[in-house]
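Let me begin by presenting the structure, written as structure tokens, before commenting on it.
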Amino acid sequence: MAKTVTRSGGSGTISPGLLASLDPLLREWLPRQRWFAGKGRPVTGFSLVAATELLPAGTRLGVYHLVLRAHQPDTPGDRYQLLIGVRETLPPRLAPALIGHVTHGPLTGRTVYDALYDTRPAELLLEALRSRARIGALRCARDPAQEIRSGLVPRLMTAEQSNSSVVYGDTFILKLFRRVAPGINPDLELPLALAREGCPRVPAPTAWLEMDAEDGAGESYVLGVLQPYVQGATDGWELALRELAKGEDFGAEARALGRATAEVHGALARALPTVTLGPDRIQPMVEGMVVRLEAAAQAVPALRPYAPALRTAFTALADLAAEGQTWTAQRVHGDLHLGQCLRAPSGQWSLIDFEGEPARPPAERRMPQPAVRDVAGMLRSFDYAAHSCERPAPGWAHACRSAYCSGYAEAAGRDPRTDPVLLRAFETDKAVYEVVYEARHRPDWLPVPLSAVERLAAPEAP
Ligand SMILES: Nc1ncnc2c1ncn2[C@@H]1O[C@H](COP(=O)(O)OP(=O)(O)O)[C@@H](O)[C@H]1O
Ligand SMILES: O=P(O)(O)O[C@H]1O[C@H](CO)[C@@H](O[C@H]2O[C@H](CO)[C@@H](O)[C@H](O)[C@H]2O)[C@H](O)[C@H]1O
């Protein structure tokens with residue numbers, strides 16, 4: 001029933017027409033999606049990387065799985081994963097999923113929509129994962145030790161996300177990556193490694209969806225990961241804001257989060273290689289930080305007055321390395337913040353979303369880093385929470401910072417505050433990243449990382 005109709009450079013006859021039908025609609029729809037990474041530049045066209053027919057469009061409901069390259073000026077263009085539904089008319093419940101009405105090509109007169117909103121296509125995906133199906137270029141794999149019940153009812157998560165997730169009967173959650181590239185995906189690699197280590201702080205992948213890369217070089221795309229759904233969980237960001245609004249202390253939770261982070265770091269260091277960072281490795285790392293700072297100052301003028309002082313946070317690290325100090329680097333989460341921490345009703349914290357910072361190149365995201373990088377991310381997050389609360393919260397972020405570092409020290413045997421130069425460099429690097437992120441995605445939030453920049457640029461900054 002389901003088949004791959006073509007891949008880029010392939011000889012299929014259906015898909016060129018299919019793409020021509022979709023092209024004008026997707027040009028308008030894609031840039032409006034939260035997960036579209038190429039904001040600010042027009043989409044000038046698409047090329048097909050792969051198209052797999054999951055249900056033929058000749059029936060009441062057609063479903064295509066597509067990987068498309070979106071062409072944009074001055075870039076090679078990113079590849080996106082889409083699940084396209086085709087119907088005669090769209091029922092009202094699917095109105096938010098509308099992509100558009102086709103006016104030419106083989107689908108003329110049909111309505112196309114984001115099929116992840118629809119029950120049947122989402123069920124098809126789960127069934128494919130459950131049965132380890134191979135559909136054209138799409139391949140499903142799963143952990144044989146975990147059971148996947150059939151018939152679980154899907155619902156698309158509506159939260160603002162970098163990808164798209166479907167929850168099945170409050171039992172599993174399937175994340176479909178939107179911007180995709182061939183190669184190892186740390187959001188599968190690291191949770192699998194942690195599961196092998198027996199680390200209970202990260203939901204163990206249950207099944208995953210892959211596709212061979214089009215260039216025949218032997219690489220694969222990881223297109224989706226299914227994992228157990230933590231029922232009734234509250235994320236750390238929501239919880240922190242709730243406690244802040246009530247004027248409640250978050251110290252105990254921050255401490256527990258510090259312990260959870262250290263446990264994950266310990267398991268990652270056992271599971272995957274670590275390296276020693278001497279001057280030869282610290283120098284390029286510091287250069288990377290400086291380059292990112294310069295690019296950020298170019299992109300966001302408000303950052304420029306602080307750039308020279310921020311640079312000293314990085315050069316101080318290079319100076320220590322030149323004096324002979326070394327550090328250990330290991331695989332880390334890479335984009336840790338309160339929103340990536342889930343607290344189950346039992347009080348147990350889990351960490352999710354090991355993809356790393358979406359803006360960084362994939363190879364860079366998989367490089368070993370000092371574990372303090374994640375610590376710095378969480379410290380920045382406490383600062384964000386304190387700034388997002390309407391009620392003044394003097395000392396709240398500082399108290400969380402202390403509790404988190406103490407919790408981390410309890411589990412790791414070393415306190416991140418004992419290496420203030422390293423911590424300051426990574427906090428600065430993160431704040432610079434956030435300045436760019438907010439300028440691009442949420443300009444109203446720009447003052448939050450900018451206030452941190454002001455603090456970190458002050459000579460007495462911690
Ligand atoms: N295992 C899980 N259990 C419960 N909720 C989850 C789980 N994984 C993710 N979520 C929810 O889905 C949201 C998005 O997940 P995340 O992995 O951060 O996706 P993205 O990469 O798209 O940001 C999280 O903020 C959380 O609310
Ligand atoms: O969750 P994502 O992987 O999509 O991460 C991106 O978006 C985050 C915002 O949703 C952003 O995080 C920043 O804002 C948070 C509050 O909304 C705050 O807790 C974080 O500390 C702050 O960095 C993240 O940087 C970005 O990569």
Side-chain angles (χ1 to χ4, degrees), residues 33-37 81 116 155-180 185-188 190-191 195 200-206 222 224-241 244 257 333-345 348-360 365 373-389 397 400-401 404 426-427 429-442 444-450 452:
Q33 304 313 301
R34 201 263 191 193
W35 39 264
F36 178 68
Q81 173 176 210
L116 273 183
R155 70 181 156 86
L156 181 66
M157 282 199 53
T158 49
E160 289 278 285
Q161 275 186 257
S162 301
N163 298 290
S164 296
S165 298
V166 180
V167 177
Y168 291 94
D170 278 1
T171 305
F172 293 109
I173 180 165
L174 170 64
K175 169 148 83 171
L176 285 177
F177 299 101
R178 288 302 198 162
R179 187 159 61 116
V180 295
N185 182 331
D187 208 8
L188 176 60
L190 297 187
R201 295 299 195 170
V202 174
T206 310
V222 174
V225 178
L226 183 78
Q227 57 172 241
Y229 184 72
V230 184
Q231 285 184 26
T234 312
D235 76 50
W237 176 253
E238 220 180 301
L239 197 67
L241 291 193
L244 261 166
L257 274 168
H333 180 284
D335 191 16
L336 195 59
H337 56 80
L338 281 163
Q340 316 281 39
C341 307
L342 298 181
R343 187 184 181 279
Q348 162 97 350
W349 282 100
S350 304
L351 308 191
I352 55 164
D353 195 3
F354 284 74
E355 242 194 316
E357 282 172 7
R360 292 219 192 194
R365 297 192 215 165
R373 166 135 185 233
D374 288 342
V375 171
M378 284 299 293
L379 300 184
R380 292 290 314 116
S381 214
F382 295 129
D383 189 50
Y384 257 76
H387 276 85
S388 308
C389 175
C400 289
R401 187 183 178 93
Y404 179 80
F426 275 94
E427 271 193 89
D429 192 42
K430 187 73 190 181
V432 167
Y433 165 83
E434 289 167 344
V435 165
V436 178
Y437 179 87
E438 301 302 358
R440 261 192 212 145
H441 297 273
R442 308 185 294 193
D444 290 354
W445 289 60
L446 188 53
V448 180
L450 276 180

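Just so it is clear, the model here is predicted, and its values are computed rather than measured. In each ligand, atom 1 is the first atom listed, and ligand 1 is the first ligand listed. Note that these values count all heavy atoms, side chains included, but never hydrogens, waters or copies made by symmetry.
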Please tabulate, for the side chains in residues 164-171, all donor-acceptor contacts under 3.5 angstrom to protein atoms that are two or more places apart in sequence or on a different chain.
from	atom 1	to	atom 2	distance (Å)
Ser164	OG	Arg178	NE	2.9
Ser164	OG	Arg178	NH2	3.2
Ser165	OG	Gln161	NE2	2.8
Tyr168	OH	Ala122	O	2.7
Asp170	OD1	Arg155	NH2	2.9
Thr171	OG1	Gly169	O	3.0

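Gln340 and Asp235 share no side-chain donor-acceptor pair at under 3.5 Å. Under 3.5 Å, the side chains of Glu438 and Tyr384 contain a donor-acceptor pair of N or O atoms.
Within the structure, ligand 2 lacks Gly339 among the residues with a heavy atom less than 4.0 angstrom away.
Listed by number with element, the atoms of ligand 2 under 4.0 Å from a non-hydrogen atom of Glu434 are 21 (O), 22 (C), 23 (O). Near Gln340, meaning under 4.0 Å from one of its heavy atoms, ligand 1 places the atoms 18 (O). Distances below 4.0 Å separate heavy atoms of Pro203 from the following atoms of ligand 1: 1 (N). Ligand-side atoms of ligand 2 in range of Asp353: 3 (O), range being under 4.0 angstrom from any heavy atom.
Below 3.5 Å of separation, one finds an N or O of Gln227 facing an N or O of ligand 1. Where the criterion is an N or O separation shorter than 3.5 Å, residue side chain and backbone included, Ser162 meets it with respect to ligand 1. By the 3.5 Å distance cut-off applied to N or O atoms, Lys175 is counted among the residues near ligand 1. Considering both main-chain and side-chain atoms, Pro228 comes within under 3.5 Å of ligand 1 through a nitrogen or oxygen pair.
The closest donor-acceptor contact from the side chain of Arg179 to the backbone of Pro358 lies under 3.5 Å. When atom types are taken as modelled, the side chain of His333 and the backbone of Asp353 share a donor-acceptor pair closer than 3.5 angstrom.
Scanning the protein heavy atoms around atom 9 (C) of ligand 1, the nearest turns out to be Ile352 CD1, 3.5 Å. Atom 25 (O) of ligand 1 has Gly339 O, 3.9 Å as its closest protein atom, hydrogens excluded (heavy atom only). In terms of protein heavy atoms, atom 19 (O) of ligand 1 is closest to Gln161 NE2, 3.3 Å. The protein non-hydrogen atom at the shortest distance from atom 13 (C) of ligand 1 is Met157 CE, 3.9 Å. Scanning the protein heavy atoms around atom 3 (N) of ligand 1, the nearest turns out to be Val230 N, 2.8 Å.
Of all the listed residues (Tyr229, Phe172, Phe354, Trp237), Tyr229 holds the heavy atom that lies closest to atom 4 (C) of ligand 1. When Thr234, Val225, Leu226, Asp353 are checked for heavy-atom proximity to atom 23 (O) of ligand 1, Asp353 turns out nearest. When the options Ile352, Asp335, Leu338, Asp187 are ranked by their closest heavy atom to atom 3 (O) of ligand 2, first place goes to Asp335. Nearest to atom 15 (C) of ligand 2 by heavy atom, out of His441, Gln340, Arg442, Lys430, is Arg442.
Between Arg401 and Glu427 a salt bridge is recorded (basic side-chain N to carboxylate O distance below 4.0 Å). Under the 4.0 Å criterion applied to side-chain N and carboxylate O atoms, Glu357 and Lys430 are assigned as salt-bridge partners.
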